[in-house]
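For clarity, every value in this text was computed on a predicted model and none was experimentally measured.
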Amino acid sequence: MTTFVLIPGAWHGAWTFEPLARQLRAHGHDAYPLTLTGVGERSHLLTASVNLDTHIDDVVNLLTDQQIADAVLVGHSYGGMVITGAADRVPDRVAGLVYIDAMVPEDGDSCWSLVTDQERAWYLDGAHETGFTSAPLPFFDPRATPHPLASLLQSIRLEGGLDRYRSRDYLYATGWDGQSPFTPLYERLVDDPAWRTHAVASGHNVMRDAPDELLKILLAAAQNL
């Protein structure tokens, strides 16, 4: 049995991973879809102080409180920042990492530094209303909620490399409307033998657009531990 911890992207809650979590459990694994502080059903906790460190603590606290060892951390989009930081904090509790069309930061990177000008404009949408939130885009699921802007701006601090983990997968969505911001990252990782890379015919919301393919990749990641 493998324990998966599933981290959504910005503006989204655990609901985006719930169908996948049910399928993983049906295959005999354990799965924890996690809503980060200040988003979704935890939106009442959104303040100006919620940042990337807060979200990393969300994952670290789950791993610690549930006494999870050898977890596979799965991050979608912004969730790649979170799983990288959490794994760095408690590497003894993490066996593998799966990035779903996500950032794979190095020390000092932030979402702001890793995306294009278009994504930066999206991040700032709505910030003028509160000064500390980023508004969900109009085409998002109605359940999407404002996201803490500080988490998108804060640079990550890492003490070690990803070579500490037994398994690393990167899923690249090929169906973006326009150029994907993750293309340069995917092209670099596809030539790195330390990574298993997967190009999937899907929009950025892989959990919705290609759930069966995503499930196969996660089940294979569990077998490769």
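- Here the closest heavy-atom approach between residue S202 and residue A173 is recorded as O-CB, 3.3 Å.
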Please assess D53 against R89 for the test salt bridge (Lys or Arg N to Asp or Glu O under 4.0 Å), listing each intermediate value before the final yes or no. CA-CA 11 Å; D53 283 335; R89 297 265 186 92; 3.1 Å; yes

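- Distance CG/L73 to CZ/R93: 11.5 Å, rounded to 0.5 Å.
- L137 and M207 fall into different hydrophobic clusters, where Ile, Leu, Val, Met, Phe, Trp and Tyr residues are linked whenever their side-chain heavy atoms come under 4.5 Å apart, directly or through other members.
- If you take CZ on R120 and OG on S113, they are separated by 7.5 Å, rounding to the nearest 0.5 Å.
- Residues L225 and D70 are not in side-chain contact: their nearest non-hydrogen atoms beyond the backbone lie 4.5 Å or more apart.
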Test S167 against R196 for side chain to side chain donor-acceptor pair (under 3.5 Å), laying out the working first. CA-CA 8 Å; S167 174; R196 289 186 298 273; 2.5 Å; yes

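- Within 6.0 Å of CG in D177 there are 12 or fewer heavy atoms belonging to other residues, nucleotides or ligands.
- A single hydrophobic cluster is not seen to contain both M103 and V200; linkage of ILVMFWY side chains at heavy-atom distances under 4.5 Å, directly or through other members, places them apart.
- Atom OH of Y170 sits about 10.0 Å away from atom CD1 of I100, to the nearest 0.5 Å.
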Go through it in stages, so that I can follow the logic: the residues are L63 and V94, the test is side-chain contact (heavy atoms from CB on, under 4.5 Å), and I'd like the CA-CA distance, side-chain angles, deciding distance and then a yes or no. CA-CA 9 Å; L63 296 172; V94 178; 4.3 Å; yes

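- Between the side chains of H198 and D169, a donor-acceptor pair is found at a separation under 3.5 Å.
- Of all heavy-atom pairs between A71 and I68, the closest is CB-CG2, 3.6 Å.
- Ring planes of Y172 and Y186: parallel class, angle under 30° (limits at 30 and 60°).
- Neither V206 nor V115 shares a network with the other; the hydrophobic side chains, linked directly or stepwise wherever heavy atoms of I, L, V, M, F, W or Y lie under 4.5 Å apart, form separate groups for each.
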Using a 3.5 Å cut-off and no angle test, enumerate the donor-acceptor pairs between side-chain atoms of residues 4-14 and protein atoms at least two apart in sequence or in another chain.
residue	atom	partner	partner atom	Å
W11	NE1	S134	O	2.9
W11	NE1	S134	OG	3.4
W11	NE1	A135	O	3.2
H12	ND1	A10	O	2.8

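- Side chain of Y165 to backbone of A87: a donor-acceptor contact under 3.5 angstrom is found.
- Put simply, the side chain of H55 gets close to the backbone of T37: a donor and an acceptor are under 3.5 Å apart.
- Inter-residue side-chain proximity for T16 and N205 is flagged as met; some heavy-atom pair is nearer than 4.5 Å.
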Walk me through whether E187 and T183 qualify under side chain to side chain donor-acceptor pair (under 3.5 Å). CA-CA 6 Å; E187 291 175 345; T183 299; 5.8 Å; no

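- Considering CG of L152 and CE of M81, their distance stands at 9.0 Å, rounded to 0.5 Å.
- Residues C111 and Y123 form a side-chain contact, since some pair of their non-hydrogen atoms from C-beta on lies under 4.5 Å apart.
- Once rounded to the nearest 0.5 Å, the distance linking CG of D192 with OG1 of T197 reads 9.5 Å.
- Here the side chain of S180 pairs no donor or acceptor atom with the backbone of W176 at under 3.5 angstrom.
- Clustering ILVMFWY residues whenever any of their side-chain heavy atoms sit less than 4.5 angstrom apart, transitively, puts L171 in a cluster other than the one holding L114.
- Y99 and W195 have their aromatic ring centers within a separation under 6.0 angstrom.
- Members clustered with W15: none, using a 4.5 Å side-chain heavy-atom cutoff among hydrophobic residues.
- Hydrophobic cluster membership is shared by V82 and V104, with clusters built from Ile, Leu, Val, Met, Phe, Trp and Tyr side chains linked at under 4.5 angstrom.
- Contact check for P211 versus P19: no side-chain heavy atoms found under the 4.5 Å cut-off.
- A donor-acceptor contact shorter than 3.5 Å is absent between the side chain of Q154 and the backbone of N51.
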Carefully, step by step, assess L215 and L24 under the rule side-chain contact (heavy atoms from CB on, under 4.5 Å). CA-CA 7 Å; L215 176 63; L24 289 169; 3.8 Å; yes

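- Across V39 and P148, no two heavy atoms sit closer than the pair CG2-CD, 4.0 Å.
- Between F182 and H204, the ring center distance clears the sub-6.0 Å criterion.
- At least one donor-acceptor pair under 3.5 Å links the side chain of D107 to the backbone N or O of L158.
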Show the numbers, then the answer: is there a side-chain contact (heavy atoms from CB on, under 4.5 Å) between Y78 and H147? CA-CA 11 Å; Y78 163 74; H147 190 89; 3.7 Å; yes

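- Not one N or O on the side chain of T133 forms a donor-acceptor pair closer than 3.5 Å with the backbone of T130.
- Heavy atoms only, all atoms of each residue included: A210 and A201 are closest at CB-O, 4.4 Å.
- D88 places a side-chain N or O within 3.5 Å of a backbone atom of G160 that can act as its donor or acceptor partner.
- The minimum heavy-atom distance between P91 and R164, with the atom names listed, is CG-NH1, 3.8 Å.
- Under the rule for a side-chain contact (heavy atoms from CB on, under 4.5 Å), the partners of L153 that lie at least two apart in sequence or sit in another chain are W112, L149.
- Contact annotation: the side chain of E119 approaches that of P181 to within less than 4.5 Å [non-hydrogen atoms, C-beta and beyond].
- H29 is listed as a side-chain neighbour of L219, based on a closest heavy-atom distance under 4.5 Å.
- In terms of heavy-atom proximity, A199 sits nearest to T174 at CB-CG2, 4.0 Å.
- Contact check for I56 versus V59: no side-chain heavy atoms found under the 4.5 Å cut-off.
- Between L218 and L20 there is a side-chain heavy-atom pair separated by less than 4.5 Å.
- Without hydrogens or angle criteria, N61 side chain to D58 main chain gives no donor-acceptor distance under 3.5 Å.
- R143 contributes no side-chain N or O that, together with a main-chain N or O of G40, makes up a donor-acceptor pair within less than 3.5 Å.
- With T64 contributing its side chain and V60 its backbone, the two residues share a donor-acceptor pair below 3.5 Å.
- A distance of 9.5 Å separates CD in Q66 from OG1 in T3, rounded to the nearest 0.5 Å.
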